[in-house]
A.B. asks: 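Quick one: the structure is below, questions incoming.
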Number of protein chains: 2
Amino acid sequence: MNREPAYTRLSVEERRRRLLELGADLFARHSIDELSMAAIAREAGISKALLYHYFPSKADYFEATLRAAAEDLRLRTEPDPDLPPAEALAASLDAFLGWIEDNRLAYSKLMQSATSVGEARTLISQVREGTAQRLLDGLAPDPSPKVRAAVHGWLWLMDGVCVDWLEHRDMDRTEVRDLLLGALLGALTAAGWQPPDGF
Amino acid sequence: MNREPAYTRLSVEERRRRLLELGADLFARHSIDELSMAAIAREAGISKALLYHYFPSKADYFEATLRAAAEDLRLRTEPDPDLPPAEALAASLDAFLGWIEDNRLAYSKLMQSATSVGEARTLISQVREGTAQRLLDGLAPDPSPKVRAAVHGWLWLMDGVCVDWLEHRDMDRTEVRDLLLGALLGALTAAGWQPPDGF
DNA sequence: GCGCTTGTTGACCCTCGGTCGATAGTGACC
DNA sequence: GGTCACTATCGACCGAGGGTCAACAAGCGC
């Protein structure tokens, strides 16, 4: 009997890479609690135990796949240091909206399962926090509480507008971008913000 | 043997009332998935089966308790029809912030467990939608996509600012209110909104 | 060909949402 | 004050899903 192997053995890196790739695909199509670890393992062609060998928990697996996507997003929205702040912000925002258009499904599913899993919420907060920090650095190095709150609030507004946008799809990207920029300016003005030198 | 009863029997209304009251208390202190139905039943001094006799599912129970709170909130933020729109909005917003101050814990926990359960998300959307509708009625009876998106986005901003506020607690309520009003005006302006007659 | 490392597995446990038939309070009526 | 019926209440059970573990075997080095 020349039996074929019961399973194919991969290197740790290769297996991990494949699992993350599969996760990115799955989580873009289904929210986290539509997927059981058993189903994911089946989809990956491995046993559940192996999945747990690579990721200590379901939340961890979810977070790991999100983290990769977040990194991608961060790179794409990195502001250009050579541009003046206002233009860099506009370009950055444009890139963000472009990413959302490219990943509509994933973004919707993310906003859906967002707060269901602590790890996902943490990650979203971190992204928001990082974005807020980059914004504040450019806009107001030493912000008052109101300016800080305005920037944080604006990031929420951005998600709200994006959700509305994806739902209705009756604006084009530049309209959305300008709306967001205008809303930011309005919120900052309401917070008593003054443009710093060179703005 | 004069044994005491194995359980005390209550009328349906009384039992239901007590369960909702307990739910309001529990869900203000713990997010929904920190609580198992077994634990809730234990806390209520009844069997899990009885809890399910009164509420068909965990989500239903959660929603029922939220609905009561939402009703309370709605009543408190009902705009005064005798006031001019701008003042009515300010008063309404003030009442909203007051409610949040009174229910800090509940609000935080809600924003935390919010979208984890479809029913809760539905409810929040409904509240948001209702609020948006009331706002739009007063501000722009026939809104353009941009104005609609701006109003929806602003409601998100409001939650974001409130979360920031509860986290830092370095502004007073009127500051927050004015920030929110200013941000709304800014967002509407960015959306190309013009105040209607009598505003 | 042989062993050793370690990637991989099947079987198991526990918790949790949800269900069902049986039991026992308790008000009503004699 | 007995007893009867109604139904609020319970204990026991189920299936699904997250998570664990000891044992097995793929494939490399010798």
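Chain letters run A, B, ... following the sequence lines, proteins first, then strands; residues in each count from 1.
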A.B. asks: Between the main-chain N or O of L180(B) and the side-chain N or O of W154(B), is there a donor-acceptor pair closer than 3.5 Å?
C.D. replies: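 Yes, because the side chain of W154(B) sits within donor-acceptor range (under 3.5 Å) of the backbone of L180(B).
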A.B. asks: What is the separation between atom CZ on R42(A) and atom C1' on dG10(C), rounded to the nearest whole Å?
C.D. replies: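 Answer to the nearest Å: 15 Å.
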A.B. asks: Kindly determine whether C162(A) and F96(A) satisfy side-chain contact (heavy atoms from CB on, under 4.5 Å), including the steps that lead there.
C.D. replies: CA-CA 10 Å; C162(A) 287; F96(A) 176 73; 4.0 Å; yes
A.B. asks: Please figure out whether S36(A) or L50(A) has its closest DNA chain D nucleotide nearer the 5' end.
C.D. replies: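 Comparing both residues, the 5'-ward one is S36(A).
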A.B. asks: Map A49(B) and L10(B) onto DNA chain C by nearest heavy atom, then report which one ends up closer to the 5' terminus.
C.D. replies: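 The 5'-side residue here is A49(B).
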A.B. asks: Heavy atoms only, 4.0 Å cut-off, all strands: where does T8(A) land among base, sugar-phosphate and nothing?
C.D. replies: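 It contacts sugar-phosphate atoms only.
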A.B. asks: Choose from dG18(C), dA8(D), dT6(C) the nucleotide whose nearest atom is closest to any side-chain atom of S57(B).
C.D. replies: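 Among the listed nucleotides, the one closest to the side chain of S57(B) is dG18(C).
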A.B. asks: Within the pair H53(B) and dA8(D), is there a side-chain N or O less than 4.0 Å away from OP1 or OP2?
C.D. replies: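 So the side-chain polar atoms of H53(B) do come within 4.0 Å of the phosphate oxygens OP1 or OP2 of dA8(D), strictly under.
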A.B. asks: Taking atom P of dT8(C) as reference, at what distance in whole Å does atom CZ of R16(A) sit?
C.D. replies: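 Atom CZ in R16(A) sits about 14 Å away from atom P in dT8(C).
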A.B. asks: From CG of D33(B) over to P of dT15(C), roughly how many Å is that when rounded to an integer?
C.D. replies: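 The distance from CG of D33(B) to P of dT15(C) comes to 17 Å, rounded to the nearest Å.
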A.B. asks: Look at Y61(B) and dG17(C) and indicate whether a side-chain polar atom (N or O) is within less than 4.0 Å of OP1 or OP2.
C.D. replies: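 Checking Y61(B) against dG17(C): no side-chain N or O falls below 4.0 Å of OP1 or OP2.
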A.B. asks: Which part of the nucleic acid does S11(B) contact within heavy-atom distance under 4.0 Å: base, sugar-phosphate only, or nothing?
C.D. replies: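 Nothing, no heavy atom under 4.0 Å.
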A.B. asks: Please state how far atom CZ in R18(A) lies from atom C1' in dT8(C), giving the value in whole angstrom units.
C.D. replies: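 It is 14 Å, rounded to the nearest whole Å.
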A.B. asks: Output the single nucleotide from dA26(D), dA8(D), dG19(D) whose closest atom is nearest the side chain of Y7(B).
C.D. replies: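 The closest nucleotide is dA8(D).
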A.B. asks: Out of the candidates I32(B), I40(B), L35(B), L26(B), only one should pair with F62(B) under the side-chain contact (heavy atoms from CB on, under 4.5 Å) rule; please name it.
C.D. replies: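 Per the side-chain contact (heavy atoms from CB on, under 4.5 Å) rule, the option paired with F62(B) is I32(B), out of I32(B), I40(B), L35(B), L26(B).
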A.B. asks: Considering only heavy atoms and no angle criterion, is a donor-acceptor pair shorter than 3.5 Å present between the side chain of Y52(A) and the base of dG18(D)?
C.D. replies: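 Per atom types, no contact qualifies.
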A.B. asks: Describe the nucleic acid contact of I40(A) in one word from base, sugar-phosphate, nothing, applying a heavy-atom distance below 4.0 Å.
C.D. replies: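 Contact class for I40(A): none.
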A.B. asks: Rounded to the nearest Å, what distance is computed from the CG atom of residue L51(A) to the P atom of nucleotide dG19(D)?
C.D. replies: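 In whole Å, dG19(D) P lies 10 Å from L51(A) CG.
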A.B. asks: Please walk me through it: do D25(B) and E43(B) pass side-chain contact (heavy atoms from CB on, under 4.5 Å)?
C.D. replies: CA-CA 11 Å; D25(B) 181 43; E43(B) 201 74 21; over 6 Å; no
A.B. asks: State whether the distance check finds a donor on one side and an acceptor on the other, under 3.5 Å, for side chain K48(B) versus base dG18(C).
C.D. replies: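 A donor-acceptor contact between them is present.
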A.B. asks: Of V12(B) and P56(A), whose closest DNA chain D nucleotide lies nearer the 5' terminus?
C.D. replies: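 Whichever sits nearer the 5' end wins; that is V12(B).
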A.B. asks: For K58(B) and dT19(C), what is the distance between atoms NZ and C1' respectively, to the nearest whole Å?
C.D. replies: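 From K58(B) NZ to dT19(C) C1': 17 Å.
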A.B. asks: More 5' along DNA chain C: M37(B) or R15(A), using each one's nearest nucleotide?
C.D. replies: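 In this pair, the answer is R15(A).
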A.B. asks: Begin from the C-alpha positions of R169(B) and R104(B) and carry the test side-chain contact (heavy atoms from CB on, under 4.5 Å) through to its verdict.
C.D. replies: CA-CA 11 Å; R169(B) 297 193 73 68; R104(B) 281 183 62 189; 3.5 Å; yes
A.B. asks: More than 12 heavy atoms of other residues, nucleotides or ligands under 6.0 Å from CD of Q194(A): yes or no?
C.D. replies: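 Incorrect, the count does not exceed 12.
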A.B. asks: I46(A) has an atom CD1; how far is it from atom P of dG10(C), in whole Å?
C.D. replies: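 I46(A) atom CD1 is separated from dG10(C) atom P by 11 Å.
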A.B. asks: Report the distance from atom CZ of F55(B) to atom C1' of dT19(C), rounded to the nearest whole Å.
C.D. replies: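 My rounded result for the distance is 18 Å.
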